[in-house]
Amino acid sequence: MMNRHVLITGASRGIGAAIALAFARQGDHVGINYRFDREGARKVCDEAQGIGVQASIYQADVGNAEQVEEMFSAFIEEFKTIDVLVNNAGGGLKIPEGGFEKMPLSYWNEMIALNLNGAAYCSSFAVKNMKENGIKGAIINISSVHSVITYVKRKTFPYCAAKAGLNMLTKTMGVDVIRLGIRVNAIAPGFISTSATTRYNKEELDAFLRKIPAGRLGNTQDITPLVLFLADPEKSGFIVGQTFVVDGGQSIDGTIDYMLLEEQNGKE
Ligand code: NAP
């Protein structure tokens, strides 16, 4: 039993839900944040309670500072302290048509709020509480492979910029709060099959696969062990401000079509 208090944002499904349940399975208590999907959050919460840990759901838009403050008040009222924060909430939302010149500025603002501001707001409250209670905690930011490579086809300008900003926030915050014994690190997943990726058609999925040297799409179990590792000071106590890309090799050379290469070279 680890018995730590862990808050995971965007945990009503997908990677966040898998992270919440992975912490619950090792005996940590979990706060499950969601924005709209109350039913999904409730299901994750019930499953965590079924495992035997304390679990609660918290509705808040992480891009809204007031709502984040209310969420933290409620979390702290219930759990008293926070040991681990996972800033997972994020995503591409509905990408508008057209090039950069057609991008609505409201879309830019929404995306930066969700994918960058949210992590800064949540981390601010978490670090204050950890400091007050002398907790040498951990913050783990869920970034994206698109923080290091572009994704021009789908015109995710603000998403890529926000996630790259999140990597730098991980470094700058990381080297600051380590004086309090708090470690900040990030994980940048490549293609991970979740509800967010069901929007892609077969042609798009094939195009993704062609770029991944590992020859398969990722799944949530490719991410959760690293989250647990980075949250555990006995295992990762000397790792500070790093972003770990977990993408089956996708970001190493984006110019190669690995399926074509395999056809040309044969399987050996
Ligand atoms: P997902 O299945 O769409 O889940 C997103 C989660 O975020 C949901 O629980 C959603 O809850 C929550 N959320 C969305 N907006 C929110 C807001 N404003 N405030 C609070 N919660 C909010 O997405 P996912 O694929 O698991 O992605 C999780 C994280 O991994 C994201 O940061 C994403 O950018 C990153 N990532 C994913 C992939 C991938 O291939 N799947 C690749 C790279 C990076 P509600 O529906 O209740 O709002």
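First listed ligand is number 1; within each ligand, the first listed atom is number 1.
- For ligand 1, the atoms lying closer than 4.0 Å to a non-hydrogen atom of Phe191 are 40 (O).
- At the top of the distance list for atom 2 (O) of ligand 1, counting protein heavy atoms only, stands Ser195 OG, 2.8 Å.
- Considering backbone and side-chain N/O atoms, Leu114 never comes within less than 3.5 Å of an N/O atom of ligand 1.
- Within the 4.0 Å heavy-atom cutoff, His146 does not count among the residues contacting ligand 1.
- When hydrogens are left out, the protein atom nearest atom 24 (P) of ligand 1 is Thr194 OG1, 3.7 Å; that is the closest non-hydrogen contact.
- With respect to atom 40 (O) of ligand 1, the closest heavy atom belonging to the protein is Ile192 N, 2.9 Å.
- With no hydrogens or angles considered, a side-chain donor-acceptor pair links Asn87 and Ser123 at under 3.5 Å.
- Of the listed options Gly92, Ala20, Ala41, Gly90, Gly90 places a heavy atom closest to atom 5 (C) of ligand 1.
- Inclusion of Gly63 in the set of residues having an N or O under 3.5 Å from an N or O of ligand 1 is not warranted.
- Which parts of ligand 1 touch Gly91 is read off a 4.0 Å heavy-atom cut-off, strictly below it: atoms 34 (O).
- For atom 26 (O) of ligand 1, the nearest non-hydrogen atom from the set Ile15, Asn219, Ile187, Ile142 comes from Ile15.
- Cluster membership check: Met173 shares its hydrophobic cluster with Phe72, using side-chain heavy-atom separations under 4.5 Å among Ile, Leu, Val, Met, Phe, Trp and Tyr.
- Atom 43 (C) of ligand 1 has as its closest protein heavy atom Pro189 O, 3.2 Å.
- Separation of the Phe75 and Tyr58 ring centroids falls under the 6.0 Å cut-off.
- Close to ligand 1: Ala60, with a non-hydrogen atom less than 4.0 angstrom away.
- Residue contact check: Asn33 has heavy atoms under 4.0 Å from atoms 20 (C), 21 (N) of ligand 1.
- By the side chain to side chain donor-acceptor pair (under 3.5 Å) test, Asn219 pairs with no residue at all, sequence neighbours left out.
- In this structure, Met168 places its CE atom where only 12 or fewer heavy-atom neighbours from other residues, nucleotides or ligands lie under 6.0 Å away.
- Per-residue contacts place Ala11 under 4.0 angstrom from the following atoms of ligand 1 (heavy atoms of the residue considered): 9 (O).
- Where the criterion is an N or O separation shorter than 3.5 Å, residue side chain and backbone included, Gly10 meets it with respect to ligand 1.
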- Would Lys211 and Asp253 satisfy salt bridge (charged side-chain N to carboxylate O under 4.0 Å, His left out), going step by step from the backbone distance to the final call? CA-CA 8 Å; Lys211 298 286 178 201; Asp253 189 340; over 6 Å; no
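- Closest to atom 4 (O) of ligand 1 among all protein heavy atoms lies Arg13 NE, 3.7 Å.
- In summary, the atoms of ligand 1 found under 4.0 Å from a heavy atom of Gly14, numbered by their order in the structure, are 2 (O), 26 (O).
- Under a 3.5 Å cut-off, the side chain of Arg183 and the backbone N or O of Phe238 do not form any donor-acceptor pair.
- Protein heavy atom nearest atom 45 (P) of ligand 1, with residue, atom name and distance: Phe36 N, 3.5 Å.
- Of the protein's non-hydrogen atoms, Ser143 O, 3.8 Å is the one closest to atom 35 (C) of ligand 1.
- A perpendicular orientation is assigned to the rings of Phe208 and Tyr200, their planes being inclined by more than 60° (bins at 30° and 60°).
- Of the charged side-chain nitrogens involved, none lies within less than 4.0 Å of a carboxylate oxygen, so that Arg210 and Asp206 do not count as a salt-bridged pair.
- Within the 4.0 Å heavy-atom cutoff, Asp61 counts among the residues contacting ligand 1.
- Between the side chains of Asp28 and His5, no donor N or O sits under 3.5 Å from an acceptor N or O.
- Using a 4.0 Å cut-off between charged side-chain N and carboxylate O, Asp176 and Lys171 make no salt bridge.
- The shortest non-hydrogen separation linking Pro189 to Ser143 is CD-O, 3.2 Å.
- At a 3.5 angstrom cut-off on N or O pairs, Arg35 counts as close to ligand 1.
- For Thr197, no nitrogen or oxygen atom sits less than 3.5 Å from a nitrogen or oxygen atom of ligand 1, counting backbone and side chain alike.
- At a heavy-atom distance under 4.0 Å, no atom of Ala113 approaches ligand 1.
- The main-chain N or O of Cys45 is never found under 3.5 Å from a side-chain atom of Glu47 such that the two would form a donor-acceptor pair.
- Counting only heavy atoms of the protein, atom 11 (O) of ligand 1 lies nearest to Ser12 OG, 3.1 Å.
- Counting only distance, with no hydrogens or angles, the side chain of Asn88 and the backbone of Gly10 share a donor-acceptor pair below 3.5 Å.
- No side-chain donor-acceptor contact under 3.5 Å links Arg13 and Thr194.
- In the model, Thr81 has no side-chain atom that pairs as donor or acceptor with a side-chain atom of Asn133 under 3.5 Å.
- Between the choices Ala17, Ala89, Gly16, the shortest heavy-atom distance to atom 13 (N) of ligand 1 belongs to Ala89.
- Those atoms of ligand 1 that come under 4.0 Å of a heavy atom in Ser144, given as number and element, are 43 (C), 44 (C).
- Under a 4.0 Å heavy-atom criterion, Gly190 is in contact with ligand 1.
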